[in-house]
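Just so it is clear, the structure is predicted and the values come from calculations on it, not from any experiment. In what follows, every chain begins at residue 1, and chains take the letters A, B, ... in the order their sequences are listed.
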Amino acid sequence: MSRAGVRREAPAIWRLLPAGSYAGRSSALLLRSATASKRAWLAFASGFFEPVFYLVAMGQGLGSLVGALPGPDGTPISYAAFIAPGLLAASAMNGAVFDSTFNVFFKLRYVRLYDAMLATPLGPVDVALGEIGWALVRGGLYALGFLAVMAGFGLLTSPWALLALPAALIVACAFAAVGMAATSYMRSWQDFDLVTLVILPMFLFSTTFYPLSVYPRWLQIVVEVLPLYHAVELMRGLTTGVVGPGLLGHLAYFLVMGAVGVVLAARRLDALLLR
Amino acid sequence: MSTLAPPGYGRGIALVVEHFWTWYRRNWRASVVSSVLQPLLFLLAFGVGFGSLVDARAAGAVGGVSYLVWLAPALLAVSAVQSAAFESTYPVLSGFKWQRIYLAMTAGPISPGQVALGHLGWVAVKLAGTGAVFTVVVALLGGAGGPGIVVALLVAVLTGSAVAALITAFAATVQTDGGAFNAIFRFVIIPMTLFSGTFFPVDRLPGWVQPLAWVSPLWHGTELARAAAVGGTTTTVAVVGHLAYLLVLLVVGTVLAMRLFTRRLAR
């Protein structure tokens, strides 16, 4: 077997994982996903439009009801400028979670794609990294498109906004990793209601559409624990140029979340696929 | 040996509805999240959360009632339309292609037209049931302005049925997979939800978007539901116009669905 040889080439960190699970070939899975999405380009491209529709409708319509809202440093910003970073963060989350749950579950249980892949020189970690990587490519393109739309509407008021793209990728990465880990525990399509049950309240309540101050204090604390809240704060700080050390705290949240997700997902896939 | 007489036309439709009910009775839990919890979360986030901002900053912008009361009938219509759209896409394709239940039904004395009517009848029953649950929750949260919310529920069921008929007809023409459905959700249902006056009055949008609302069945449904629940200054002509538009869509969609079901199943 060439497994031992492969393991020697791999970086030390992979020795934390069970033997033979990483062959350094996750790019093969990326290529496969890119090829597959050529046929479903409409579904691929349509993911970009959803946050744009929300921005146009809500920014204009809801904005006309409430006017300006306090930005990250307390100075009032237009309602469109308030929700745009929230929508950017939410679309990074939605895209990553959708890709890493529904799509992965379908490939794992129905198409048996990964079983086929493991018959080739790919390990479960290659599979996990490849899937997460593809989710990132996709999410990155959406985020770039949305940032361009924001720029077109004049909602990017600071050069710090350039960092919103890598920030969106880190957020998407963390959500994809955790989503992938969650998917490995799913038994049937019915369990996906639980995904909706986690994602939808986060989308609605994590200061995406209105500031934290409307909640009573105990609810504020609940919201502050949720990952999307940190993503929204991160994006809002960057796009409005209110940048301070606090943003590093939000960033750290996602680094930890991503690391936990990757390790958990890899271990679970190992157990599921190499049984 | 006795033979069963073939069912009459209405009984045949009822049998199709009963099929869906039998399945639903065992599996209803799976749809609680999408049909009741989802609109409830929107009601909490916008009606209560966002509403506290609106009520504090723009009192009167939504016709002199609290934002929650103003939003509730529209959310009834939106959730009926969304649920109707879902029930008319994948389940229909599955009936033709994956589970082939429609083929099994038409192998007996039930005609394809009856299957189409039965499917639409079931969607209407389901919309009425989940809508009633949602209405009770709305009332408990203080979002019901008065007994008119019951009329709003009926309007929501009508709107949802009209959308269901049109999408069912479309779904009967889909051969390959769900790609077309994704496009419907992304480019029809979501924009319809956002631009039909659900969360804010349509006149707050730029002028060129407003004609889009006039063709949207949801806008007509929302206007009617809101007029019933909140009152306001709606004229009789407007009410008749909204109702007529929805009924025409319902009839056109139903006739189309029956024809397309017949074309696909009579082969």
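- Looking at Tyr215(A), there are no atoms closer than 4.5 Å to chain B (heavy atoms on both sides), in backbone or side chain.
- Formation of a donor-acceptor pair under 3.5 Å by the Arg57(B) side chain with backbone atoms of Ala68(A) is found in this model.
- Atom CD1 of Ile190(B) sits about 12.5 Å away from atom CZ of Phe49(A), to the nearest 0.5 Å.
- Taking the six-membered ring where tryptophan is involved, the planes of Phe50(B) and Tyr210(A) are tilted, since the angle between them lies from 30° to 60°.
- Note that the CZ atom of Arg204(B) and the CD atom of Gln60(A) stand 10.5 Å from one another [nearest 0.5 Å].
- Atom CZ of Phe200(B) and atom CG of Leu65(A) lie 8.0 Å apart (nearest 0.5 Å).
- Residue Leu53(B) holds its CG atom at 6.0 Å from CG of Leu69(A), rounded to the nearest 0.5 Å.
- Among all heavy-atom pairs drawn from Ala45(B) and Leu204(A), the shortest one is CB-CB, 3.5 Å.
- Distance check: Leu62(A) CG to Phe199(B) CZ gives 7.5 Å after rounding to the nearest 0.5 Å.
- Heavy atoms closer than 4.5 Å to chain B are found in the side chain of Thr196(A), but not in its backbone.
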Before giving the answer on side-chain contact (heavy atoms from CB on, under 4.5 Å), spell out for Leu44(B) and Phe205(A) the whole-Å C-alpha distance, their side-chain angles and the decisive distance to 0.1 Å.
-> CA-CA 9 Å; Leu44(B) 288 176; Phe205(A) 298 105; 3.9 Å; yes
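- The aromatic rings of Phe46(B) and Phe209(A) sit tilted relative to each other, their planes meeting at an angle between 30° and 60°.
- Both the backbone and the side chain of Phe42(B) come within contact range of chain A, with heavy atoms under 4.5 Å apart.
- Rounded to the nearest 0.5 angstrom, Leu194(B) CG and Met58(A) CE are separated by 5.0 Å.
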